[in-house]
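Starting from 1, each residue takes its place in the sequence as its number.
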Amino acid sequence: DGVKRVLERQQSTMPEGTEVSLVGDMSVDIQSMVHELENNIISGLILVVLVLLLFLGFTNSLFVGVAIPFSMLITFIVLRIMGITLNMVVLFSLILALGMLVDNAIVIVENIFRHRFKNKGPEEAAKDGAHQVSAAVIASTLTTICAFGPLVLWPGIMGEFMKYLPITLIITLASSLLVAMVFNPVLCSRFMKVPREGGGSTRLGSWLMDRGLRSYEPTLRWALGHKTVTLVGMLLLFALVNILYGRFNHGVELFPDIDPNVAQVVVEAPSGTRVELTDSFTQAIEKEVAEIGDLVAYSSSVGVSMSGMGTGESAPSNNAIVMMEFVDKIERSRSSAVALDELRDRVAGMAGARLTVEKREEGPPTGPPVNIEIAGDDFNVLGELARQIRDRIRNTPGLINITDNYDDDLPEIEIRPDVEKAARYGLRTWDIAGTIRTALHGSETAKYRVGEDEYDIMVRYKPAFRQKVEDIENATIFYEGEAIPVSAFATPTFKTSLASIARIDGERVVSVSADAAPGYNSNDLLIQIQADLADF
């Protein structure tokens, strides 16, 4: 919201024709979720009161209905004290708990109503009615809280993400217990009237109960009179349900596959590719992205890490990311998953870089659905095994973006000094390495301050003197007033090496990964790949 206010103020100062697009505006999703919660609370309150009207009458239904706003208010206060924000999981938990808030209040209010029916005074009826069922209400709430309690101890990243669900539910249920045991008896003692003989306000509910009992009671009596048949029948029905589910279910997955709102094209040019060449390749991809339609905007970042963070000297010049944000689902002319499939076909023929078209993952990071780790001592062997696995699984239906993290083509210049020659000049390896690093990458020599701002002063060679390998050979190292060229004691050689080294538990590892195409179940694909590689 603050950014939007700044943009509104700055719009008048921008050149004519300037357009500003907000990419990745999460505030829209947040506001939508909050509105949905408000709508659920209001509609839930109305529906609960309507149902209670059938069985408890108008006044009693209002006594029970107030449990919803009171419990929510207490929950928000506790969440605020604990420093928990209204994130996606908390909002979902509040909606989930909405129907459970009134359980305790129904029992308390109904029992107080029963005591008032016995012509007890309002305070006496409230006291006796609440006390009589307090143990049952507390036990009932605690059993539900205990069911969610272990989920707070859920380990790992998934636990960090999902623990807000049990925490919110426990707070909400505890709040509803407090409301039922304290708020409801007080309200009933002040405003509950003595019920009329016959309970006219509950006739509809009683009529519904009577209709239900006409079929329920004989069914229950028959089941109790034929225990063996009932138990065997239930076991057979249970077995049938399992057989049908095993035959016709659509599989199991952690998160449902939905149309993405945000997607990206990850560009991985060969290691060592200059950022200018990566940029020209990215521009060609931008033209294809612009043709798929239904986009709010797309933006490119060249020379970034694969997480999209950290541009600058340390960022890889061979990587780029093109981010796409789709319009709202209701405004799209087709599914965004179909649009991404078309984009994959469009860029499939582009040579010179590895391209991955992928949607932004929702929820906690879970990694690719298919991830094969090959561990060993020799990276050359691991790279060859990764290539063989890729070839074997390449034609698996539903598998896309098959790739691995083995990259041994990073070009580098190795400067290996002759130790004896360097020693004659009195030079140490540290002196040589430090000078060359300063020449190529620069080193911090001081800081420049303006007010409270501080800037590093970096010293390095001008661009014209650090472009070619000859420039490195001509670099000079000062020792005791003498400028000694690198070529006098060292020889630069061209080599290729591993772009990165991955280890798991200390072992060298190369990983082969792949995604599931839209419409395919990730878990089923993983099982199929495991079967295909069982003899590998």
Given 3.5 Å as the limit, does a donor-acceptor pair link the side chain of N474 with the main chain of D471, or not? no
Taking atom types as modelled, is there a side-chain donor on K4 or S27 under 3.5 Å from an acceptor on the other? yes
Between N405 and V510, is any pair of side-chain heavy atoms under 4.5 Å apart? yes
Among V509, V381, I389, whose side-chain contact (heavy atoms from CB on, under 4.5 Å) with I374 holds? I389
Y448, OH atom: more than 12 neighbouring heavy atoms under 6.0 Å: no
If you look at every heavy atom in I292 and A339, which pair is closest and at what distance? CG2-O, 4.2 Å
Check whether any side-chain heavy atom of I413 lies under 4.5 Å from a side-chain heavy atom of T493, and answer yes or no. no
So, are E342 and R334 salt-bridged, with charged N and O less than 4.0 Å apart? yes
Show, in sequence, the C-alpha distance, side-chain angles and deciding distance for F489 and V419, and conclude whether the side chain to side chain contact (heavy atoms under 4.5 Å, CB included) test is met. CA-CA 8 Å; F489 55 81; V419 179; over 6 Å; no
Around Y520, counting heavy atoms of other residues, nucleotides and ligands shown, do more than 12 lie under 6.0 Å from its OH? no
Does any N or O in the side chain of N401 come within less than 3.5 Å of the main-chain N or O of V357, such that one atom is a donor and the other an acceptor? yes
Under a 3.5 Å distance rule, please check whether T18 uses its side chain to pair with a backbone N or O of M14 as donor and acceptor. no
Assess whether a salt bridge exists between K447 and D456, defined as any Lys/Arg side-chain N lying under 4.0 Å from an Asp/Glu carboxylate O. yes
Looking only at heavy atoms, what is the nearest atom pair of A516 and L525, with distance? CB-CD1, 3.5 Å
Are any non-hydrogen side-chain atoms of R508 and F379 less than 4.5 angstrom apart? yes
Taking the side chain as every heavy atom from C-beta outward, state whether V289 and M324 have any atom pair closer than 4.5 Å. yes
Examine the side chains of Q283 and D279 and answer whether a donor and an acceptor come within less than 3.5 Å of each other. yes
Measure the CG-OG1 distance between L91 and T85 for me, rounded to the nearest 0.5 Å. 9.0 Å
State whether D453 and R449 are salt-bridged, where the test is any N-O pair (Lys NZ or Arg NE/NH1/NH2 against Asp/Glu carboxylate O) under 4.0 Å. no
With a cut-off of 6.0 Å (strictly less than), are more than 12 heavy atoms of other residues, nucleotides or ligands near CG of D505? no
Between E286 and S300, does the side-chain hydrogen bond (donor to acceptor under 3.5 Å, both in side chains) criterion hold? Intermediate values first, please. CA-CA 8 Å; E286 287 176 354; S300 302; 2.5 Å; yes
Exercise: identify the closest heavy-atom pair between A353 and V267: CB-CG1, 4.1 Å
Begin with the C-alpha distance, continue with both residues' side-chain angles, and end with the deciding distance and a verdict on side chain to side chain contact (heavy atoms under 4.5 Å, CB included) for K163 and L151. CA-CA 6 Å; K163 70 180 181 182; L151 295 179; over 6 Å; no
Look at the side chain of E160 and the backbone N and O of G156, then say whether any donor-acceptor pair between them is shorter than 3.5 Å. no
Would E276 and R274 pass as an ion pair if we require N to O under 4.0 Å? yes
Does atom CG of D378 have more than 12 heavy-atom neighbours, drawn from other residues, nucleotides or ligands, at distances under 6.0 Å? yes
With no hydrogens and no angle check, is any side-chain donor or acceptor of N318 less than 3.5 Å from a backbone partner on A269? yes
Minimum heavy-atom distance between P417 and A490, given as atom pair plus value: CA-CB, 3.7 Å
Pairwise side chain to side chain donor-acceptor pair (under 3.5 Å) hits with a residue in residues 408-425, at least two apart: Y406-D408, E412-S497, E414-R416, E414-K495
R5 bridged to E8 by N-O distance under 4.0 Å: no
Heavy-atom side-chain proximity of R392 to L533 below 4.5 angstrom: yes
Is S317 reaching over with its side chain to a backbone N or O of T273, donor-acceptor style, under 3.5 angstrom? yes
So do M350 and E288 actually touch side chain to side chain, heavy atoms under 4.5 Å? yes
Distance col, row I84:CD1 vs S93:OG, nearest 0.5 angstrom, shows 10.0 Å
The test is side chain to side chain contact (heavy atoms under 4.5 Å, CB included); show your working for I472 and Y461 and say whether it passes. CA-CA 10 Å; I472 298 175; Y461 281 12; over 6 Å; no
Let me see the working for L427 and I477 under side chain to side chain contact (heavy atoms under 4.5 Å, CB included), right down to the final yes or no. CA-CA 9 Å; L427 298 176; I477 299 175; 3.8 Å; yes
Test your reading of the model: is there a side-chain donor-acceptor pair from N87 to the backbone of V89, 3.5 Å cut-off? yes
Answer whether the closest heavy-atom distance between the side chains of V327 and L295 falls below 4.5 Å. no
A483 versus F478, closest heavy-atom pair with distance: CB-CE2, 3.7 Å
When rounded to the nearest 0.5 Å, the distance separating CG of L94 from CD1 of I171 is 9.5 Å
Ignoring hydrogens and geometry beyond distance, is a side-chain donor-acceptor pair present between T438 and S443 at under 3.5 Å? yes
Once rounded to the nearest 0.5 Å, what's the spacing between atom OG of S301 and atom CG of N319? 11.5 Å
Those residues that, when tested against D532, pass salt bridge (charged side-chain N to carboxylate O under 4.0 Å, His left out) (two or more places apart): none
Quick one: does M72's side chain get under 4.5 Å of S175's, heavy atoms only? no
Please name the residue in the list L498, T496, D407 that meets the side-chain contact (heavy atoms from CB on, under 4.5 Å) test with S271. D407
Can you name the nearest heavy-atom pair linking A375 to L382, along with the distance? C-CD2, 3.6 Å
Is it the case that the side chains of S513 and N371 hold a donor-acceptor pair, with the cut-off being a distance below 3.5 Å and no angle test? no
Has R437 got more than 12 heavy atoms of other residues, nucleotides or ligands less than 6.0 Å from its CZ? no
Pairing donors with acceptors under 3.5 angstrom, does anything connect the side chains of N261 and R332? yes
Under 3.5 Å: donor-acceptor pair, side chain of R460, backbone of L440: yes
Between atom CG of L399 and atom CZ of R390, what is the distance when rounded to the nearest 0.5 Å? 12.5 Å
Interatomic spacing from OG in S32 to CG in D328 - rounded to 0.5 Å: 9.0 Å
